[in-house]
Amino acid sequence: MNITVLYGTETGNAEMLAEDIMAELEGEHDVDCSNLSDFAPDTFDAGRLYLIVCSSYGDGELPASAQPFAEALQANSPDLTGVHFGVFGLGDTEYEETFGFGSKSLSELLTARGAIQVGERITHDASGNDLAEDLAFPWAAQIVTLAEEKISEGVS
Ligand SMILES: Cc1cc2nc3c(=O)[nH]c(=O)nc-3n(C[C@H](O)[C@H](O)[C@H](O)COP(=O)(O)O)c2cc1C
């Protein structure tokens, strides 16, 4: 399967995790990885799976590297019908009112334009005991399995 791992980050955690996810998947799949700041929303390809890793910053806002992407989505509102994506959040329950809000708003922006979210969004808690990769690797494997059938059959 052709997979693009996209990340939105403020201080680099999501970037490191995105690269680890790419390394985990690339034995069996054709995978590339890009910062959301370098990715234009009108270049989504319905033949690929997008795995998006995104933190939350400020008061539940998107991290800096995801903001131009979100602004471009809002300004141009491309038709993302047929585009499949999964979202993994990085957050911290210390911010209990806005835990995982960055990845949540990204997911909402994409589905509002017709993209299809595959599987559940989960958010790693920096104040918890789990390592991010211990949640993210099984998450990625599950999303790929769920998406394989849909994308190869063109099912939305
Ligand atoms: C100033 C600041 C604000 C944050 N705000 C939130 C927040 O509102 N919600 C949340 O779930 N996590 C929040 N976090 C936690 C970050 O999302 C978490 O540390 C994440 O691992 C950062 O990843 P990054 O380096 O890829 O940006 C905040 C962290 C900092 C330092």
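Just so you know, ligand 1 is whichever comes first in the structure, and atom 1 is the first atom listed for that ligand.
- A heavy-atom cutoff of 4.0 Å around ligand 1 is satisfied by the protein residues Thr9, Glu10, Thr11, Gly12, Asn13, Ala14, Ser55, Ser56, Tyr57, Gly58, Asp59, Gly60, Leu90, Gly91, Asp92, Tyr95, Thr98, Phe99, Gly100.
- Checking side-chain atoms of Asn76 against main-chain N and O of Pro78 turns up no donor-acceptor pair under 3.5 Å.
- Although no hydrogens or angles enter the test, the distance criterion places no donor-acceptor pair under 3.5 Å between the side chain of Ser77 and the main chain of Gln74.
- Side-chain atoms of His29 and Glu148, non-hydrogen and from C-beta on, do get closer than 4.5 Å to each other.
- The closest side-chain donor-acceptor pair between Ser107 and Arg121, if any, does not fall under 3.5 angstrom.
- Residue Leu109 is found in a hydrophobic cluster whose other members, listed by chain and number, are Leu6, Leu36, Phe39, Phe44, Tyr50, Ile52, Leu62, Phe69, Leu73, Leu80, Val83, Phe85, Val87, Leu106, Leu110; membership requires side-chain heavy atoms under 4.5 Å apart, directly or through intermediates.
- Side chains of Thr9 and Glu15: a donor-acceptor N/O pair is absent below 3.5 angstrom, by distance only.
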